[in-house]
Protein chains: 4
Amino acid sequence: MSATPSKPAMVTHLCTGESEAKREQILTGAKAIFAAHGFEGASMSAIAREAGVSKGTLYNYFANKCDLFAAFVEKNCREKLQVLAPVQQLGLSPEKTLRALAREIVRLIISPESLMLYRIIVSEAPHFPHLATTFWQSGPKRALETLSGWIEGQVAQGTLKVDDPIFAAEQFFSLCQTRIAHRKRFNMPLENEAEEEEKVISNAVRVFLAAYGVSSSEKTTTD
Amino acid sequence: MSATPSKPAMVTHLCTGESEAKREQILTGAKAIFAAHGFEGASMSAIAREAGVSKGTLYNYFANKCDLFAAFVEKNCREKLQVLAPVQQLGLSPEKTLRALAREIVRLIISPESLMLYRIIVSEAPHFPHLATTFWQSGPKRALETLSGWIEGQVAQGTLKVDDPIFAAEQFFSLCQTRIAHRKRFNMPLENEAEEEEKVISNAVRVFLAAYGVSSSEKTTTD
Amino acid sequence: MSATPSKPAMVTHLCTGESEAKREQILTGAKAIFAAHGFEGASMSAIAREAGVSKGTLYNYFANKCDLFAAFVEKNCREKLQVLAPVQQLGLSPEKTLRALAREIVRLIISPESLMLYRIIVSEAPHFPHLATTFWQSGPKRALETLSGWIEGQVAQGTLKVDDPIFAAEQFFSLCQTRIAHRKRFNMPLENEAEEEEKVISNAVRVFLAAYGVSSSEKTTTD
Amino acid sequence: MSATPSKPAMVTHLCTGESEAKREQILTGAKAIFAAHGFEGASMSAIAREAGVSKGTLYNYFANKCDLFAAFVEKNCREKLQVLAPVQQLGLSPEKTLRALAREIVRLIISPESLMLYRIIVSEAPHFPHLATTFWQSGPKRALETLSGWIEGQVAQGTLKVDDPIFAAEQFFSLCQTRIAHRKRFNMPLENEAEEEEKVISNAVRVFLAAYGVSSSEKTTTD
DNA sequence: TATGAATGAGAGTTCATTCAT
DNA sequence: GATGAATGAACTCTCATTCAT
């Protein structure tokens with residue numbers, strides 16, 4: 001009977017470890033089903049089947065469908081909406097930095113997982129206000145902070161002239177959503193995607209610099 | 001003042017007018033429920049109750065839930081997404097015209113009905129591709145055509161310098177969605193909405209003209 | 001006012017005439033639908049559509065679905081289950097007469113309309129006892145009467161030796177249902193139908209005559 | 001007498017035994033409702049109520065109404081249509097054997113469960129062709145095989161003279177359906193049922209032997 | 001802890017029947 | 001007399017959730 005005292009600890013440890021793995025397993029199944037059918041269209045049975053667990057197990061890990069949905073959204077927002085952190089640290093020219101940022105923003109926005117989350121968040125925003133906030137803070141807000149931080153730096157260096165860096169960042173963000181993002185969200189076909197992407201990036205940068213760049217006479221916009 | 005003209009109207013009323021009225025009645029109920037719960041979340045019973053008809057009547061007018069949903073989306077896209085037609089004809093200065101257009105675009109995009117439709121269309125785009133197209137063609141496409149048509153006119157007059165008017169129109173459209181539209185779609189609170197709206201409009205116009213305006217030395221951006 | 005008295009008569013006449021035609025029209029539609037789907041599976045809407053009348057008209061002619069069903073069954077039993085009347089009058093030999101009767105019986109039993117009615121009657125017998133009686137009296141009973149009447153004649157002539165002509169007729173009737181009828185009722189495939197029919201007829205006659213024929217001077221019927 | 005054999009049984013009982021019991025419970029309820037109302041007329045709610053389970057449980061055991069119907073038919077055909085196997089092994093005289101077989105056939109055909117299945121199968125044969133086959137193979141086909149096997153034996157012994165034993169068996173089967181079976185299928189009243197049954201049996205045997213018996217001069221029909 | 005059988009409310013849909021026109 | 005819009009009950013089937021094992 002000497003082993004018994006250690007048993008609970010191990011068990012707890014094992015269980016927690018296994019629990020964590022099973023939790024992930026469930027969330028992976030949930031992602032597939034919620035992505036394909038949305039919140040209302042998804043059924044707990046389908047999720048259980050997809051995840052390879054029983055329905056009872058689902059309810060051991062998540063109190064109900066809403067909780068599971070929230071966990072799925074939060075996990076995926078946290079994991080899939082993060083980028084463009086280190087770009088500005090390379091000592092590139094403002095234009096090249098903006099181009100790099102624009103490229104990352106575009107890529108992020110039109111990634112299948114972002115689009116899936118966007119669709120779900122927008123559609124459920126009225127019923128899950130907290131999730132919309134999570135999405136916003138994990139994705140757009142971080143991107144805007146990075147962007148506005150970089151803009152402030154440029155203003156300090158005198159390479160940009162911007163009164164409201166946060167608003168300017170939002171405008172740049174909007175410019176990056178021209179054409180491709182809108183169409184993808186509507187599931188509409190898009191020809192020459194790579195080409196269009198370059199065009200969106202180049203023109204976002206060009207317009208932004210035309211409006212906020214300093215001494216436009218020295219600048220040469222490329223394309 | 002002869003009685004005859006009213007006769008056909010009455011006959012029409014008797015024959016199909018009531019049906020048409022009931023159809024509208026159903027679509028009104030459907031709008032309330034679909035808007036609140038989305039496609040999957042809406043129940044035919046709830047729609048019938050909201051519309052004040054029996055469930056059977058629903059199915060006398062629409063073959064099934066999908067058809068009713070499609071009819072609801074099409075009707076509302078057709079009726080609620082139309083604007084900004086006559087603005088450019090008023091002979092205003094380019095800047096003032098752009099401001100007027102921007103204002104109409106912003107107002108349209110953040111109108112409750114537009115937001116509701118946007119939410120539903122984006123969320124159901126994978127399952128109802130046709131409806132996304134309907135939405136796009138009723139709303140954004142028309143706005144972009146109006147906009148790019150006006151731009152082409154300005155280019156011809158030499159007041160703007162634009163290589164790709166359609167793309168430029170799309171950028172202007174994107175700029176109009178800065179801050180307010182994004183936040184509304186996510187159901188996030190927005191303080192000083194009127195003030196923000198002015199800011200979005202002014203800066204959209206300012207950035208656009210900075211990029212595409214001619215002889216910037218003569219221009220005076222207002223706010 | 002002199003014209004009025006004749007009006008009702010004419011109207012009645014016209015209406016009755018048209019009514020009769022419309023009644024038939026409805027019953028024709030009902031036949032198609034009841035035949036295909038049975039009583040429970042048939043819908044009044046489908047019958048109205050098939051008959052080319054409105055649902056309201058259905059209820060002007062028949063009080064409800066049961067009545068319409070009863071009318072359909074009675075009409076078709078009366079019209080489709082009648083045969084083999086004149087055969088025995090032709091002065092053929094007993095064997096040839098029996099063969100002719102057997103052929104008519106087999107043909108009647110396996111006619112699509114008989115099978116359809118049989119299916120419907122058997123399946124609804126517990127719920128519509130009267131219809132089963134109608135079917136029996138329109139079809140089998142008449143056939144048996146014809147048969148037993150002929151048998152009685154033969155007994156009187158000394159060409160058959162039968163104690164209970166009605167029962168013997170029923171046996172002959174049963175013998176005619178060997179193989180083909182049973183299989184058809186179960187919708188089972190049957191190869192060489194014409195050949196099988198000959199076999200059934202020949203053997204029904206042969207067995208019947210072996211049991212009830214006279215020429216075998218040694219026969220002693222007991223019972 | 002060892003306990004171990006019972007262990008697996010218990011395990012089985014625990015694992016799927018309860019499921020099996022519930023399945024039977026459902027099928028029992030289904031039998032009552034399908035028997036009373038046929039396939040179309042039966043409702044899953046009524047079956048659930050009759051079986052004492054919830055509607056959801058019905059669908060845990062059977063994918064849909066058709067599957068439940070098929071399971072009900074197959075189970076009952078398998079269980080209720082089996083008989084007359086050992087009769088011919090007793091060393092009875094041909095006549096007595098035939099009488100015993102006829103009695104079993106008649107009893108089988110007019111048993112309430114056979115009649116119920118016959119009604120349902122005949123009425124649904126066009127929509128469930130497989131079930132008609134199941135019925136045929138569980139009931140009539142087996143009876144005919146038994147019968148024709150015995151006939152072949154008699155032919156080999158010289159007590160019967162039959163060219164086509166299978167066809168002769170079918171004829172005997174038909175003769176056994178005289179009067180009683182036909183009337184029961186039509187739900188028509190029948191007086192003196194026991195007496196009629198004897199008559200049908202006696203005469204079926206008599207007619208069959210008159211047609212297929214050898215040296216009729218030695219034969220003495222009894223009863 | 002993991003299971004999946006069980007539940008019953010509610011989903012979309014169809015139906016026989018009525019009745020104002 | 002003929003129509004077909006309207007009804008609401010009843011249909012088949014699915015669902016989130018519970019709980020004994």
Side-chain angles (χ1 to χ4, degrees), chain A residues 11-12 14-16 18-19 22 40-49 52-68, chain B residues 14-16 18-19 21-23 26 40-48 52-68, chain C residues 11-12 14-16 18-19 22 26 40-49 52-68, chain D residues 14-16 18-19 21-23 26 40-48 52-66 68:
Chain A
V11 167
T12 302
L14 281 173
C15 287
T16 305
E18 292 198 351
S19 283
K22 189 141 290 196
E40 294 280 1
S43 90
M44 294 296 266
S45 295
I47 292 171
R49 206 179 313 121
V53 302
S54 72
K55 263 190 285 185
T57 300
L58 241 55
Y59 284 88
N60 284 339
Y61 285 85
F62 302 94
N64 50 45
K65 194 186 181 185
C66 289
D67 277 18
L68 173 56
Chain B
L14 283 172
C15 289
T16 61
E18 297 234 320
S19 284
K22 187 134 299 196
R23 212 185 122 95
I26 291 171
E40 293 279 1
S43 91
M44 294 297 265
S45 295
I47 292 172
V53 301
S54 72
K55 253 193 289 186
T57 297
L58 243 54
Y59 285 89
N60 284 340
Y61 285 84
F62 302 94
N64 50 46
K65 193 186 182 186
C66 289
D67 276 18
L68 173 56
Chain C
V11 167
T12 302
L14 280 173
C15 287
T16 304
E18 292 199 351
S19 284
K22 191 142 290 195
I26 291 171
E40 294 280 359
S43 91
M44 294 296 266
S45 296
I47 292 171
R49 207 180 311 120
V53 302
S54 72
K55 262 190 288 184
T57 300
L58 242 55
Y59 284 89
N60 283 339
Y61 284 85
F62 302 94
N64 51 43
K65 193 186 181 186
C66 290
D67 277 18
L68 173 56
Chain D
L14 284 172
C15 289
T16 61
E18 298 234 319
S19 285
K22 186 134 299 195
R23 213 185 120 94
I26 291 171
E40 294 279 0
S43 91
M44 293 298 264
S45 295
I47 292 172
V53 301
S54 72
K55 248 190 295 184
T57 298
L58 242 56
Y59 285 90
N60 284 340
Y61 285 84
F62 301 94
N64 50 47
K65 193 187 182 185
C66 289
L68 173 56

Can you list the steps and then say if C:Arg49 with C:Ser45 is a side chain to side chain contact (heavy atoms under 4.5 Å, CB included)? CA-CA 6 Å; C:Arg49 207 180 311 120; C:Ser45 296; 4.1 Å; yes
Taking donor-acceptor contacts at under 3.5 Å, does the side chain of B:Asn60 reach the base of F:dA6? yes
May I have the distance from C:Leu68 (atom CG) to E:dC15 (atom P), rounded to whole angstrom? 15 Å
Look at the side chain of C:Thr57 and decide which nucleotide, out of E:dA6, E:dA16, F:dT3, has an atom nearest to it. F:dT3
How many Å lie between CG on D:Leu58 and P on F:dC13, as a whole number? 10 Å
The nucleotide from E:dT17, E:dG4, F:dA2 with an atom nearest the side chain of A:Ser54 is E:dG4
Measure from the side chain of C:Lys22, starting at C-beta and using heavy atoms only, and say which of F:dT7, F:dA2, F:dT18 lies closest. F:dA2
Assess whether side chain to side chain contact (heavy atoms under 4.5 Å, CB included) is satisfied between C:Lys22 and C:Asn60, documenting all intermediate values. CA-CA 11 Å; C:Lys22 191 142 290 195; C:Asn60 283 339; over 6 Å; no
Could you tell me which non-hydrogen atom of A:Glu40 sits nearest to which non-hydrogen atom of B:Glu40, and how far apart they are? CB-CB, 3.4 Å
Separation of atom NZ in D:Lys65 from atom C1' in E:dT13, rounded to whole Å: 14 Å
Can you check the D:Ile26 CD1 to E:dA5 P distance for me, whole Å? 11 Å
Nearest 0.5 angstrom please: B:Ile26 CD1 to B:Leu58 CG, how far? 5.0 Å
State, to 0.1 Å, how close A:Met44 and A:Lys55 come at their nearest heavy-atom pair, and which atoms those are. O-CG, 4.2 Å
Per A:Tyr59 side chain, nearest of listed nucleotides F:dC13, F:dT18, F:dT7: F:dT18
Rounded to whole Å, CZ of C:Arg49 lies from P of F:dA2 at a distance of 20 Å
Does B:Lys55 get its side chain close enough to the base of E:dT13, under 3.5 Å, for a donor-acceptor pair? yes
So which one's nearest nucleotide on DNA chain F is more toward 5', B:Val53 or A:Gly56? B:Val53
Let me confirm one number: the CG-OH distance from C:Asp67 to C:Tyr59, rounded to the nearest 0.5 Å. 10.5 Å
C:Ser43 near the nucleic acid: base, sugar-phosphate alone, or nothing, with a heavy-atom cut-off under 4.0 Å? sugar-phosphate
Separation of F:dC13 C1' from B:Met44 CE (nearest whole Å): 16 Å
Round to the nearest Å and state the distance from D:Ile47 atom CD1 to F:dC13 atom C1'. 13 Å
Taking for each residue the nucleotide of DNA chain F bearing the nearest heavy atom, is the 5' side occupied by B:Gly52 or by A:Ala63? B:Gly52
Watson-Crick and G-U pairing of DNA chain E written in dot-bracket, each distance under 3.5 angstrom, with | for inter-strand partners: .||||||||||||||||||||
Upstream residue (5' side of DNA chain E) when B:Cys66 and C:Ala42 are each assigned their closest nucleotide: B:Cys66
Does E:dA6 have its OP1 or OP2 closer than 4.0 Å to a side-chain nitrogen or oxygen of D:Tyr61? yes
Could you state the atom-to-atom distance from CD of A:Glu40 to C1' of E:dG10 in whole Å? 13 Å
